[in-house]
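Just so it is clear: chains get the letters A, B, ... in the order the sequence lines come, proteins before strands, and each one is counted from 1.
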2 protein chains.
Amino acid sequence: MYICSKFSTMQSFTEENYLKAIYKLIEQEGDVITTNAIAEKMRTKAASVTDMLKRLADKKLIHYKKYQGVTLTSKGEKIALSIIRKHRLWEMFLVEKLHFKWDEVHEVAEQLEHINSDKLVEQLDKFLSYPKIDPHGDPIPDAKGKLTIPKSNLLSKFNKHDVCIMTGVVDHSSGFLQYLDKAGIALGCEIKIKDVVEFDRSLRVVINKEHTIFISNDVAKNILAILKK
Amino acid sequence: MYICSKFSTMQSFTEENYLKAIYKLIEQEGDVITTNAIAEKMRTKAASVTDMLKRLADKKLIHYKKYQGVTLTSKGEKIALSIIRKHRLWEMFLVEKLHFKWDEVHEVAEQLEHINSDKLVEQLDKFLSYPKIDPHGDPIPDAKGKLTIPKSNLLSKFNKHDVCIMTGVVDHSSGFLQYLDKAGIALGCEIKIKDVVEFDRSLRVVINKEHTIFISNDVAKNILAILKK
DNA sequence: AATAATTTTTAGATTAGTCTAAAAATTAAA
DNA sequence: TTTAATTTTTAGACTAATCTAAAAATTATT
Ligand SMILES: [Mn+2]
Ligand SMILES: [Mn+2]
Ligand SMILES: [Mn+2]
Ligand SMILES: [Mn+2]
């Protein structure tokens, strides 16, 4: 079932989701992506993935040779980036204009990212004053698909006495985001590392010069930050 | 392909569109709707409609007996109204917040109306200050699905010397809406009928006490209005 | 280098939604 | 009240996307 049968340039929701999944796997895993990795990310079976890979290859959206893994063509990458752009702009809209919390936006954005209208995206971008990052600190590709990756590090990599600014998260699950809310940790807040426990690499930190909390290494590995100033 | 396999209450886009089409046909044509009428409205074939009617009947969304036509169950009507509510709220958003023109919103709203999130709809409604009508003058069902139909008449039914207020359109095509723009006729403007030509029932009218134009009976039959004061 | 384990692909089936062509039922006309 | 025209339904086929089970290819281990 096609969204719009009028134009051959149209993708189904499913195709768009595959392209996005492949893009994100390449972004984190490396250059060539396996069938199984896609199956896991898409929560489907390897056989279904193989089917889809053939179709995407036919449409020149991916480079694919049997048993050799997958990369995106520039056409495929362009589509993936436009989906990511829409996802993050909609998340921004939901938080900024409709007062959603940052742990409530992802599911809805998963639907909104497939709405097809260039004018809608550009006007939405303008309405939001051309945001550079989304509510989770992830960069928003510009209209041309250019994405400027902010260079931050895992909080777990910083040292005692470092003062840093929280810039993003690795784990985007609502569970983790709600934990951060409770801990008073939000995007842009100051995190001063008071102590690093040798034994388990857990941290004692001061948030916004206000309150002191302990965070496990597991948590620290899912927080992104940069050194202050 | 279901949008969300988690809940049995979920409809596919296609099912939602059929329910909406049946609702609108009942609204204008009368109580019982034929297979062919649905086929025409959905731009599909009668055989496809019969297939779908069986499925909708299985789900208790319509009352359907072979050869006897279709009506909506209250469950089916509730879904139809929620789709219409979303469609009109999104049109309002596009015009009010993203500065779309009234002839540009329908296609995009056709996509947005299927986004599934109660919170999104209620927050959007609030963000727009709970509008009662959409950019074309059509009433927006409230959160409970209650729809208050504004009682207006075709401009073609009014008489010489009547002064009325434009409240809506029958034809929603962008062609007709663009014609109205050019003629300076917009929702809420005053239309004073200066003359009715016997021969072809065309009208000479004054818009907003500003300019005089001639409109054919064909046009007048597609404009809704109420008497001023 | 041969065998075992793993990954990937094929084969065949299923479901939603669509189509055309033909059969059946209803409605209109003679 | 038969016959003709129209409407609606069935039958059978197609596509996209999915699945399971089995075959083939690749990679790892002896
Ligand atoms: Mn997200
Ligand atoms: Mn995000
Ligand atoms: Mn509309
Ligand atoms: Mn409208």
Side-chain N,O ([X]) to OP1/OP2 ([N]) below 4.0 Å:
| X | N | value |
| --- | --- | --- |
| Y18(A) | dA16(D) | no |
| R55(A) | dA16(D) | no |
| K54(B) | dT10(D) | yes |

Task: Axis bend over the full length of the helix from dA1(C)-dT30(D) to dA30(C)-dT1(D), computed from five pairs that close each end, to 10 degrees - done: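 The angle separating the two end axes equals 10°.
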Provide, to the nearest angstrom, the distance between the [atom1] atom belonging to [X] and the [atom2] atom belonging to [N].
| X | N | atom1 | atom2 | value |
| --- | --- | --- | --- | --- |
| M52(B) | dT8(D) | CE | C1' | 17 Å |
| L56(B) | dT9(D) | CG | P | 13 Å |
| F13(B) | dT18(C) | CZ | C1' | 18 Å |
| Q68(A) | dA24(D) | CD | P | 19 Å |
| D58(A) | dA17(D) | CG | P | 12 Å |
| L53(B) | dT8(D) | CG | P | 10 Å |

Task: Ring-face cation of K119(A) near F100(B) (centre distance under 6.0 Å, axis angle within 45°) - done: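 Yes, a cation-pi geometry.
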Checking the side chain of [X] only, and the main-chain atoms of [Y] only, is there a donor and an acceptor separated by less than 3.5 Å?
| X | Y | answer |
| --- | --- | --- |
| T73(B) | L61(B) | yes |
| S152(B) | L224(B) | no |
| D134(B) | D138(B) | yes |
| N222(B) | D171(B) | yes |

Task: Within 6.0 Å of CD in Q28(B), more than 12 heavy atoms from elsewhere - done: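 Above 12, so yes.
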If you measure from the Lys or Arg side-chain nitrogens to the Asp or Glu carboxylate oxygens, is any gap between [X] and [Y] under 4.0 Å?
| X | Y | answer |
| --- | --- | --- |
| K24(B) | E29(B) | no |
| E15(A) | R55(A) | no |
| K20(B) | E110(B) | yes |
| E113(A) | R85(A) | no |

Detail all sub-3.5 Å separations between protein N/O atoms and N/O atoms belonging to nucleotides 27-29 of chain D.
none

Task: Members of residues 26-51 of chain A that approach DNA chain D, where some heavy atom sits under 4.0 Å away - done: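 Hits under 4.0 Å, by residue number: T44(A), K45(A), A47(A), S48(A), D51(A).
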Open item on the list: Among L112(A), V105(A), V108(A), exactly one meets side chain to side chain contact (heavy atoms under 4.5 Å, CB included) together with S117(B). Which residue is that?
Closed with: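 Exactly one option meets the side chain to side chain contact (heavy atoms under 4.5 Å, CB included) with S117(B), and it is V108(A).
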